[in-house]
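Here's the structure we're looking at; comments come further down.
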Amino acid sequence: YTSYDESPFHTGLEERLGVDIDWQIVAQEQAPLLFVGDAAKNLPDMFMNVGGINQSQIKEYGQGGLLINFLDEEILAKMPNLKAAYEADPRMFDGVKDPNGAAYSLPYYCYTLTMAGNLFYIRTDMTKEAGIEELPTTIEGFLEMCETLKTYYADVEGYVPMVTNGGAGVKYTGAYATFFFPAFGEYLTPSYGVTPDNSSVYAGFATEQYKHYLEFMHTCWEKGYLDPNCYAVDSNTDKAMLIDKKTTMNPFATYLGPTNFESGELDFQVMPPLTSEYQSTPQWLIPNRYRSASYMISSTCKDIDAACAFFDALYATMDNPIKDENGVKAWGISLWLGELGEDFVMDEEAGTYELTPDTTKYENASTFLSSAGHGGSAYLYWPYVENSGTGLMVKALGSRDILEPQGINALDISLLILNQDELDDLNDYNTDITTKVTEMTAAFITGQADLEKDWDTYINDLNAMGLEDVLANYQAALDRYNGK
């Protein structure tokens with residue numbers, strides 16, 4: 001659909017709520033101009049998915065009186081779904097709230113069991129075949145398992161214990177780093193992060209913990225546990241290796257299905273978080289559930305009640321759904337799946353759901369769903385596993401049963417609101433920093449650089465590229481977030 005006026009999602013929601021909205025598409029470069037000079041005196045009533053405006057600008061417009069504050073008690077009273085969601089999780093406004101406690105744009109909250117990316121998968125049929133009855137819980141045990149696998153499958157041409165999706169998987173922000181890094185110290189991410197107590201920021205890639213992680217990866221490289229072609233292979237190659245039992249572990253494995261295993265079952269699972277001599281408690285970073293939805297209402301809106309009702313519908317839950325004149329209910333995940341009992345069924349006791357046989361996912365005439373993807377729920381809390389018999393089911397079960405019990409919820413650094421000068425610094429410095437870290441990560445893992453001799457030079461180079469300034473700016477933004 002070329003406009004929201006043609007979108008079944010938007011037109012259907014308007015019909016359910018008795019609201020008539022005239023939608024206009026605004027180019028990203030034009031959006032900030034709406035808030036300048038005479039244009040600001042005649043703002044649109046509401047904004048949905050507007051690009052070209054960052055949170056720093058939204059805060060400025062709101063503090064200038066151009067946008068309503070969604071955390072104002074009178075506004076929250078008009079939005080019961082939003083209020084209930086906020087009371088259930090006060091952190092949902094983390095990415096949009098200013099230091100004074102106001103929020104001039106709405107938050108987007110998403111929690112599903114398949115949203116995480118920092119997972120690592122292992123074929124349990126292969127470990128059992130090699131005589132490994134229990135998966136390791138420590139880095140030392142992991143290395144021992146790799147040696148056992150390498151020895152057992154020595155006659156399999158091209159076998160290595162673990163592979164990944166080319167260089168993307170082994171760069172510092174890749175799947176290997178995000179899974180293994182927390183095992184080597186207190187920090188949870190190898191990228192920029194915020195400590196769980198919200199007191200300080202850090203660059204994981206410039207810590208002693210990252211050095212320990214690189215030592216581990218270099219050991220895997222030297223001993224032949226890591227695919228020697230990992231910086232060159234493509235995703236089709238690593239998929240074929242896992243399917244053909246030429247490897248046992250891969251951070252990307254949801255493409256596997258029952259037909260890929262001799263038993264006809266899904267004989268693979270998510271690896272549990274590991275510990276080491278540097279970190280005795282298993283830990284896993286819970287994926288960020290919050291971000292800005294770029295939904296705003298101008299203070300001159302001709303019908304604030306109607307605008308609030310429209311946006312509040314996007315926070316509907318299973319316990320408080322939206323209903324049309326025929327009594328068909330819609331909420332959260334059902335905006336995608338369809339009508340409960342008709343298009344999908346649930347087993348709440350088992351924590352699972354499944355689609356009915358004739359349901360076409362993402363296209364369903366019984367709801368106001370847009371098959372083009374225009375819009376959707378702004379509040380998606382869905383802790384259920386789709387009983388699909390696919391690799392995604394393994395991911396969901398692993399997230400729920402293996403990883404989340406060890407999960408730590410830290411503020412995502414992307415939610416910090418940087419001012420324009422800080423954003424300019426980040427843009428000026430970060431490309432060079434990212435390139436340096438990626439290049440040196442590969443060099444340290446493969447032995448082209450020596451961790452003992454070259455580590456200090458690596459850190460000094462990062463600081464010379466502006467890393468200390470970037471961290472200072474993030475810290476200033478965190479201090480503002482904390483009301484300091």
Side-chain angles (χ1 to χ4, degrees), residues 28-36 40 47 50-67 69-71 91-108 172-173 187-207 210 285 288-296 410-438 458-484:
Q28 288 194 18
E29 61 273 14
Q30 295 296 317
L33 301 179
L34 297 173
F35 295 88
V36 178
F47 304 82
V50 177
I53 302 176
N54 60 45
Q55 278 299 311
S56 182
Q57 292 170 304
I58 291 173
K59 181 181 71 173
E60 178 185 337
Y61 304 148
Q63 291 174 344
L66 298 178
L67 301 171
N69 171 20
F70 288 104
L71 288 178
R91 292 194 58 186
M92 71 179 292
F93 275 90
D94 276 358
V96 296
K97 188 163 57 175
D98 76 2
N100 299 318
Y104 303 107
S105 67
L106 285 167
Y108 176 82
Y172 83 95
T173 55
Y187 300 119
L188 295 168
T189 174
S191 187
Y192 295 108
V194 178
T195 55
D197 63 1
N198 278 13
S199 65
S200 59
V201 300
Y202 62 89
F205 53 80
T207 61
Y210 195 67
L285 179 61
N288 176 35
R289 301 175 181 179
Y290 323 95
R291 69 173 187 266
S292 167
S294 297
Y295 299 168
M296 301 165 281
L411 176 68
D412 193 278
I413 204 161
S414 67
L415 300 179
L416 297 179
I417 301 175
L418 301 175
N419 62 37
Q420 194 58 52
D421 288 340
E422 293 163 346
L423 283 170
D424 290 342
D425 281 349
L426 187 63
N427 292 332
D428 288 342
Y429 299 142
N430 216 35
T431 298
D432 289 342
I433 291 172
T434 299
T435 299
K436 184 69 174 180
V437 177
T438 300
Y458 161 70
I459 297 298
N460 291 335
D461 287 346
L462 291 177
N463 288 332
M465 291 175 175
L467 177 59
E468 291 175 321
D469 291 337
V470 171
L471 288 174
N473 288 338
Y474 273 133
Q475 187 64 50
L478 178 61
D479 290 343
R480 293 194 297 271
Y481 172 88
N482 288 326
K484 295 181 180 179

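Count residues from 1 along the sequence. No experiment lies behind these values; they were computed from the predicted model shown.
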Can you tell me how far the [atom1] atom of [X] sits from the [atom2] atom of [Y], to the nearest 0.5 Å?
| X | Y | atom1 | atom2 | value |
| --- | --- | --- | --- | --- |
| Ile53 | Leu34 | CD1 | CG | 6.5 Å |
| Tyr202 | Leu188 | OH | CG | 5.0 Å |
| Leu71 | Leu106 | CG | CG | 9.0 Å |
| Asp94 | Leu416 | CG | CG | 9.5 Å |

Apply side chain to side chain contact (heavy atoms under 4.5 Å, CB included) to Phe47 and Ile58, showing your working.
-> CA-CA 11 Å; Phe47 304 82; Ile58 291 173; over 6 Å; no
Which atom pair, heavy atoms only, marks the closest approach of [X] to [Y]?
| X | Y | answer |
| --- | --- | --- |
| Gly51 | Ala31 | O-CB, 3.4 Å |
| Met296 | Tyr104 | CG-O, 3.4 Å |
| Leu418 | Glu422 | CA-OE1, 3.3 Å |
| Ala103 | Phe93 | CB-CD2, 3.5 Å |
| Ser292 | Ser294 | OG-N, 3.1 Å |
| Met465 | Asp432 | SD-O, 3.7 Å |

Look only at the side chain of [X] and the backbone of [Y], and say whether a donor-acceptor pair between them is shorter than 3.5 Å.
| X | Y | value |
| --- | --- | --- |
| Asn198 | Asn482 | no |
| Thr207 | Gly204 | yes |
| Asn100 | Ala102 | no |

Compare all side-chain heavy atoms of Asp424 with those of Gln420 and state whether any distance is below 4.5 angstrom.
-> yes
Pairwise side-chain contact, Leu67 with Phe35, heavy-atom cut-off 4.5 Å (strictly under) = yes
Can you sort out the partners of [X] under side-chain hydrogen bond (donor to acceptor under 3.5 Å, both in side chains), two or more places apart, ordered by chain and number?
| X | result |
| --- | --- |
| Ser199 | Thr195, Asp197 |
| Asp479 | Gln475 |
| Gln30 | none |
| Tyr61 | none |

With Phe205 as reference, evaluate Tyr192, Tyr210, Tyr458 under the ring pair (Phe, Tyr, Trp, His ring centres under 6.0 Å) test and give the passing residue.
-> Tyr192
Between Asn473 and Tyr429, a side-chain donor and acceptor under 3.5 Å | no
Please check if atom CD in Glu29 has more than 12 non-hydrogen atoms from other residues, nucleotides or ligands closer than 6.0 Å.
-> yes
Side chain to side chain donor-acceptor pair (under 3.5 Å) between Ser105 and Gln55, intermediate numbers included | CA-CA 8 Å; Ser105 67; Gln55 278 299 311; 3.1 Å; yes
Mind checking what makes side-chain contact (heavy atoms from CB on, under 4.5 Å) contact with Asn463, not counting sequence neighbours?
-> Ile459, Leu467, Glu468
Does Asp412 have any side-chain contact (heavy atoms from CB on, under 4.5 Å) partners at least two apart in sequence or in another chain, and if so, which?
-> Asn288, Ser414, Leu415
Step-by-step side chain to side chain contact (heavy atoms under 4.5 Å, CB included) determination, Ile417 to Arg480 | CA-CA 9 Å; Ile417 301 175; Arg480 293 194 297 271; 5.7 Å; no
Worked verdict on Tyr290 versus Leu411 for side chain to side chain contact (heavy atoms under 4.5 Å, CB included) = CA-CA 9 Å; Tyr290 323 95; Leu411 176 68; over 6 Å; no
